[in-house]
Number of protein chains: 2
Amino acid sequence: MTFFTEKPVTAADTTFFQLRKDIVEGNIAAGSKLSETQLSTKYEVSRAVIREAINRLEASNLVERKANVGARVVSFSPQGLIELYQVREALEGMGARLAAKNMSDDEIADLQQLLNSHSKKVESGESYYQEAGDVDFHYRIILGSKNQHLISTLIDGIYHLVRMYRVQLGMAGPRVTTAFDEHKHIVRAIANRDAELAEMLMRRHITYSMKNIETKL
Amino acid sequence: MTFFTEKPVTAADTTFFQLRKDIVEGNIAAGSKLSETQLSTKYEVSRAVIREAINRLEASNLVERKANVGARVVSFSPQGLIELYQVREALEGMGARLAAKNMSDDEIADLQQLLNSHSKKVESGESYYQEAGDVDFHYRIILGSKNQHLISTLIDGIYHLVRMYRVQLGMAGPRVTTAFDEHKHIVRAIANRDAELAEMLMRRHITYSMKNIETKL
DNA sequence: ATCACTTAAAGTGTCGACAATATTGCTATT
DNA sequence: AATAGCAATATTGTCGACACTTTAAGTGAT
């Protein structure tokens, strides 16, 4: 909902999306300074729209601003990554809990179907099961929570930061096969309307994911 | 940390704080439109700083903006309040868990002392145990989590929304005596470094608080 | 050579004006 | 009378210029 409807309407919108993409994908280095005048010439818009874009990036926790000094892209730190995953664990855990309560039967069926298509691709050797599939899975559950706060906090905020960290660490995608089993169990819990279990499994899933990243540091 | 250091340095800062106060305290009605020109004359600053302030209010989830249309103060809804408390439950639960791990012994001692002073005032009939005390308690635990994401999400964002809802519903403060016992148990869990229990008790505490509000609807 | 002070440069913060979009009210047609 | 289209108005979005702050460079004294 919040995510798929991201059509830019104003110049500040497009600049914001562009800047966010450039930051998340590492084209603008972590920790680097964002000069308003410089960006304004680079993106061929006035400083006003750059400022608006930077403000939104700040709200997304992708940049930090200091008054009268300027904005910098947030710099990577293992501690920051851990903190991010702690928040993610709390929010996505709650998301799974609510999804078990609030997802419609149709949505659950779709989710199971998505998992099946992933399953086939994994079995047939295609290691397609990568970022796109993983993201799709998590998005559906978050959206299934029907909690607008949760949805926008995760989808508009945290996920972009997570992706940025992934790029910084040079990780192609999430863990492949083991993660798939975890997904399966989560969906089963949701299908059984077992909110408690769904939350617990989702929290574990994210904890594992983080530990997997930690080993690569 | 993030909270006590809120000194305005720029005109946009002061305008933002003023506007936020006016919204949270209900001087600007929920659901009302925020006209840029109007506010610019009212607060005697240019539209640029008003726009910046509104942007930050939007990031705080206190107002909603639509392109080429304008900004409105978020409007109250029971559903919205429930969703807010669900997020709060998840985040403060994690906050308590982390506080049990990360608070220093001194900080815990201070927290216990704070609770004692509340206790005396409750026993002596002073129903002082109101918003200020409750807020102080929750802030210390959140800050004790040492998780910067958690801290800013709650203190810069969610708490203001919660206060706004409280004002809308005309609730003087939180539940008095029962809440105090809950606080006591939470602190004990933290002092015992029992992260699991601290999280569970905090989540319950917030759930109770929400149910208490629900009855008043 | 180092440090304090002054001054120049660069960058952010703020402003007022103009452009583009949305809303309102009116007119005309059926 | 109701509706569609159009004109007028009001509001937001964008721009360039100016003011203020920070930072860096440069000068002089110890």
Side-chain angles (χ1 to χ4, degrees), chain A residues 2 5-23 27-75 156, chain B residues 2 5-23 28-75 152 156:
Chain A
T2 306
T5 319
E6 265 191 340
K7 306 254 161 159
V9 21
T10 172
D13 287 342
T14 59
T15 307
F16 167 60
F17 292 140
Q18 185 64 48
L19 256 174
R20 185 174 64 183
K21 191 182 176 203
D22 288 344
I23 289 173
N27 300 324
I28 298 179
S32 63
K33 184 161 192 317
L34 293 180
S35 161
E36 293 180 2
T37 54
Q38 197 171 317
L39 292 175
S40 118
T41 61
K42 177 176 175 182
Y43 293 101
E44 294 177 321
V45 287
S46 82
R47 265 186 60 217
V49 338
I50 294 289
R51 279 177 71 84
E52 167 124 8
I54 289 180
N55 281 334
R56 293 201 220 166
L57 290 171
E58 189 190 12
S60 310
N61 294 309
L62 286 171
V63 316
E64 290 170 344
R65 272 181 69 191
K66 270 198 290 190
N68 288 316
V69 172
R72 307 193 79 88
V73 179
V74 295
S75 52
D156 295 334
Chain B
T2 306
T5 318
E6 265 192 341
K7 305 256 159 150
V9 20
T10 171
D13 288 340
T14 59
T15 307
F16 167 59
F17 292 141
Q18 185 64 48
L19 255 174
R20 187 176 62 185
K21 191 183 175 203
D22 289 344
I23 289 173
I28 298 179
S32 64
K33 186 161 190 316
L34 293 179
S35 160
E36 293 181 3
T37 55
Q38 200 171 315
L39 292 175
S40 119
T41 61
K42 176 176 178 183
Y43 293 100
E44 294 178 322
V45 287
S46 81
R47 266 186 61 218
V49 338
I50 294 288
R51 279 177 71 83
E52 168 124 6
I54 289 181
N55 281 334
R56 293 200 220 167
L57 290 171
E58 189 191 12
S60 310
N61 293 310
L62 287 171
V63 316
E64 290 171 345
R65 271 181 70 194
K66 271 198 288 188
N68 289 316
V69 173
R72 308 194 81 88
V73 178
V74 294
S75 51
S152 66
D156 296 333

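Every chain is numbered from 1, with letters handed out A, B, ... down the list of sequences.
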Measure [atom1]/[X] against [atom2]/[N] and give the value in whole Å, please.
{"X": "B/N68", "N": "C/dA20", "atom1": "CG", "atom2": "P", "answer": "12 Å"}
{"X": "B/E58", "N": "D/dG13", "atom1": "CD", "atom2": "P", "answer": "10 Å"}
{"X": "B/F16", "N": "C/dG13", "atom1": "CZ", "atom2": "C1'", "answer": "17 Å"}
{"X": "A/I54", "N": "C/dG11", "atom1": "CD1", "atom2": "C1'", "answer": "12 Å"}
{"X": "A/R65", "N": "C/dG11", "atom1": "CZ", "atom2": "C1'", "answer": "12 Å"}
{"X": "A/N55", "N": "D/dG13", "atom1": "CG", "atom2": "P", "answer": "13 Å"}
{"X": "B/E36", "N": "D/dT14", "atom1": "CD", "atom2": "C1'", "answer": "12 Å"}
{"X": "A/I50", "N": "C/dG13", "atom1": "CD1", "atom2": "C1'", "answer": "16 Å"}

List the atom pairs, donor and acceptor, that lie under 3.5 Å between side-chain atoms in residues 47-54 of chain B and the rest of the protein, sequence neighbours left out.
from: B/R47; atom 1: NE; to: B/E36; atom 2: OE1; distance (Å): 3.0
from: B/R47; atom 1: NH2; to: B/E36; atom 2: OE1; distance (Å): 2.9
from: B/R51; atom 1: NH1; to: B/E36; atom 2: OE2; distance (Å): 3.0
from: B/R51; atom 1: NH2; to: A/E52; atom 2: OE1; distance (Å): 3.4
from: B/E52; atom 1: OE1; to: A/R51; atom 2: NH2; distance (Å): 3.3
from: B/E52; atom 1: OE2; to: A/R65; atom 2: NH1; distance (Å): 3.3
from: B/E52; atom 1: OE2; to: B/R56; atom 2: NH2; distance (Å): 3.4

Nearest-0.5 Å distance, [atom1] of residue [X] to [atom2] of residue [Y]:
{"X": "B/T14", "Y": "B/K7", "atom1": "OG1", "atom2": "NZ", "answer": "14.5 Å"}
{"X": "B/K21", "Y": "B/F17", "atom1": "NZ", "atom2": "CZ", "answer": "12.5 Å"}
{"X": "B/I23", "Y": "B/S32", "atom1": "CD1", "atom2": "OG", "answer": "7.5 Å"}
{"X": "B/L57", "Y": "B/I28", "atom1": "CG", "atom2": "CD1", "answer": "8.5 Å"}

Please identify which of these residues, B/N55, B/L19, B/L34, meets the side chain to side chain contact (heavy atoms under 4.5 Å, CB included) condition with B/V63. B/L34
Kindly say if [X] contacts the phosphate of [N], meaning a side-chain N or O under 4.0 Å from OP1 or OP2.
{"X": "B/R51", "N": "D/dT12", "answer": "no"}
{"X": "B/T10", "N": "C/dT14", "answer": "yes"}
{"X": "A/K33", "N": "C/dA10", "answer": "no"}

With A/E64 via side-chain contact (heavy atoms from CB on, under 4.5 Å) - residues at least two apart: A/V74
Starting at the 5' end of DNA chain D and moving along, which residue's nearest nucleotide shows up first, B/A67 or A/A67? B/A67
Nearest nucleotide by nearest heavy atom, which residue falls closer to the 5' end of DNA chain D, A/A12 or B/Q38? B/Q38
Name the residue closer to the 5' end of DNA chain C, choosing between A/T37 and B/V69 according to the nucleotide with the nearest heavy atom. A/T37
Which atoms of nucleotides 15-19 of chain C (N or O only) lie under 3.5 Å from a protein N or O atom, and what are those distances?
from: C/dC15; atom 1: OP2; to: B/S46; atom 2: N; distance (Å): 2.8
from: C/dC15; atom 1: OP2; to: B/S46; atom 2: OG; distance (Å): 2.8

